[in-house]
Amino acid sequence: MLEEKLGCPVFPVHRLDRETSGLMVFATDRAEAARLSALIAGRSGFSKEYLCAVEGLPDPPEGEMRDLLFFDRRQNRSFVVASERKGVKEAALSYEVLRSAADPASGRQLSLVKVRLHTGRTHQIRVQFASRGMPLAGDRRYGSKLSCPTALLSCSLSFPDREGNMLSFTAEMPEGSPWDLFG
């Protein structure tokens, strides 16, 4: 659809889980897609932040999560594991609780959390919070009991253009449950 609208080839630079909404970067030529992909892979110059609503209240309200993750392709699911083995990768993120509120429908406490990825593993944010008993609201795959879309938004992206000028983009928080609790 994007190629049709722009009238040229389009190359995705990174991925988002199907359940995730928000910002994504596309390039209109292979060279730029390769340059931006290299920035992401090298973890230098490309910054991604997410907003998520988790069930519960992270303690401490600001910190870092480091885990070993294993992605099982057959189940299309990631798991936190205790030790390294084939297919296990380190996952790291930092987070900050922005607000907390009670969901009137379920009575559960939800927290709006800003997340900055330091690695980009499959379902990383979802599994790291769920493994600590705080699944993302609506994320049934990782244990949420709430009936709403998975509350994960790619909200901020920044990276340098070809000349080195920093480009920054932000997305508005969506409307609807559970986002309306934090508006």
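- In plain terms, the two heavy atoms of Q128 and L93 that are nearest each other are OE1-CD2, 3.2 Å.
- Side chain of S78 to backbone of T122: a donor-acceptor contact under 3.5 angstrom is found.
- Linking Ile, Leu, Val, Met, Phe, Trp and Tyr residues whenever their side-chain heavy atoms come within less than 4.5 Å leaves M65 and V81 in two separate clusters.
- Side-chain atoms of P174 and L153, non-hydrogen and from C-beta on, do get closer than 4.5 Å to each other.
- The distance from atom SG of C155 to atom CD of E172, rounded to the nearest 0.5 Å, is 10.5 Å.
- Among the candidates V97, L136, L98, the single residue satisfying the side-chain contact (heavy atoms from CB on, under 4.5 Å) test with V113 is V97.
- At least one donor-acceptor pair under 3.5 Å links the side chain of R99 to the backbone N or O of F182.
- To the nearest 0.5 Å, the span separating CZ on R116 from CD1 on I125 amounts to 12.0 Å.
- The minimum heavy-atom distance between A27 and A33, with the atom names listed, is CB-N, 3.5 Å.
- The closest side-chain heavy-atom distance from T150 to S144 is not below 4.5 Å.
- Shortest non-hydrogen contact noted between E55 and A137 is OE2-CA, 4.3 Å.
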Show your reasoning for whether side chain to side chain contact (heavy atoms under 4.5 Å, CB included) applies to D67 and R132. CA-CA 11 Å; D67 293 295; R132 290 162 172 82; 2.8 Å; yes
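- Shortest non-hydrogen contact noted between L181 and A102 is CD2-O, 3.8 Å.
- When atom types are taken as modelled, the side chain of H123 and the backbone of D17 share no donor-acceptor pair closer than 3.5 angstrom.
- When the shell of 6.0 Å around CD of E3 is examined, it contains more than 12 heavy atoms from other residues, nucleotides or ligands.
- The minimum heavy-atom distance between P160 and M166, with the atom names listed, is N-SD, 3.6 Å.
- Taking the side chain as every heavy atom from C-beta outward, P60 and Y95 approach each other to under 4.5 Å.
- Between Q109 atom CD and S106 atom OG the span is 11.0 Å, to the nearest 0.5 Å.
- In the hydrophobic cluster analysis, where Ile, Leu, Val, Met, Phe, Trp and Tyr join through side-chain heavy atoms closer than 4.5 angstrom, M24 is grouped together with V10.
- Grouping the Ile, Leu, Val, Met, Phe, Trp and Tyr side chains by contacts below 4.5 angstrom, directly or via other members, places L167 with I40.
- Ring planes of F159 and F46: parallel class, angle under 30° (limits at 30 and 60°).
- E32 CD to R162 CZ: the interatomic distance, rounded to the nearest 0.5 Å, is 4.0 Å.
- Residues P58 and E96 fail the side-chain proximity criterion, which asks for heavy atoms closer than 4.5 Å.
- No donor-acceptor pair closer than 3.5 Å links the side chain of S158 to the backbone N or O of S168.
- A distance-only check finds no donor-acceptor pair linking the side chain of Y142 to the backbone of S131 [under 3.5 Å].
- Heavy atoms from other residues, nucleotides or ligands lying under 6.0 Å from CD of E64 number more than 12.
- The CE atom of M134 sits 13.5 Å away from atom CG of D139, with the distance rounded to the nearest 0.5 Å.
- Side-chain atoms of R77 come within 3.5 Å of backbone atoms of R141 as a donor-acceptor pair (strictly under, hydrogens ignored).
- At least one donor-acceptor pair under 3.5 Å links the side chain of S111 to the backbone N or O of G56.
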Yes or no on side chain to side chain contact (heavy atoms under 4.5 Å, CB included) for S94 and H118, after CA distance, side-chain angles and deciding distance? CA-CA 8 Å; S94 53; H118 303 294; 3.1 Å; yes
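- Grouping the Ile, Leu, Val, Met, Phe, Trp and Tyr side chains by contacts below 4.5 angstrom, directly or via other members, places F79 apart from F71.
- Proximity of a side-chain donor or acceptor of S154 to a complementary backbone N or O of G22 within less than 3.5 Å is not detected.
- A cation-pi arrangement is found for R85 relative to F70, the charged atom lying closer than 6.0 Å to the ring centre and inside a 45° cone about the ring normal.
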Check step by step if side chain to side chain contact (heavy atoms under 4.5 Å, CB included) holds for L146 and L110. CA-CA 11 Å; L146 298 178; L110 299 179; 3.7 Å; yes
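- In this structure, a donor-acceptor pair under 3.5 Å is absent between the side chains of T119 and E90.
- Here the side chains of L16 and Y50 are in contact, with some heavy-atom distance below 4.5 Å.
- L23 has its side chain out of reach of K48: every pair of non-hydrogen atoms, C-beta onward, lies at least 4.5 Å apart.
- Put simply, F169 and M173 are part of two different groups of oily side chains (I, L, V, M, F, W, Y) that touch within less than 4.5 Å, one to the next.
- The closest donor-acceptor contact from the side chain of D29 to the backbone of A31 lies under 3.5 Å.
- Nearest heavy atom pair, residue R140 against residue S147, reads NH2-OG, 2.8 Å.
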Report the C-alpha distance between V80 and L69 in whole Å, list the side-chain angles of each, state the deciding distance to 0.1 Å, and finish with yes or no for side chain to side chain contact (heavy atoms under 4.5 Å, CB included). CA-CA 5 Å; V80 171; L69 298 187; 3.5 Å; yes
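- Considering CZ of F129 and CG of L152, their distance stands at 10.0 Å, rounded to 0.5 Å.
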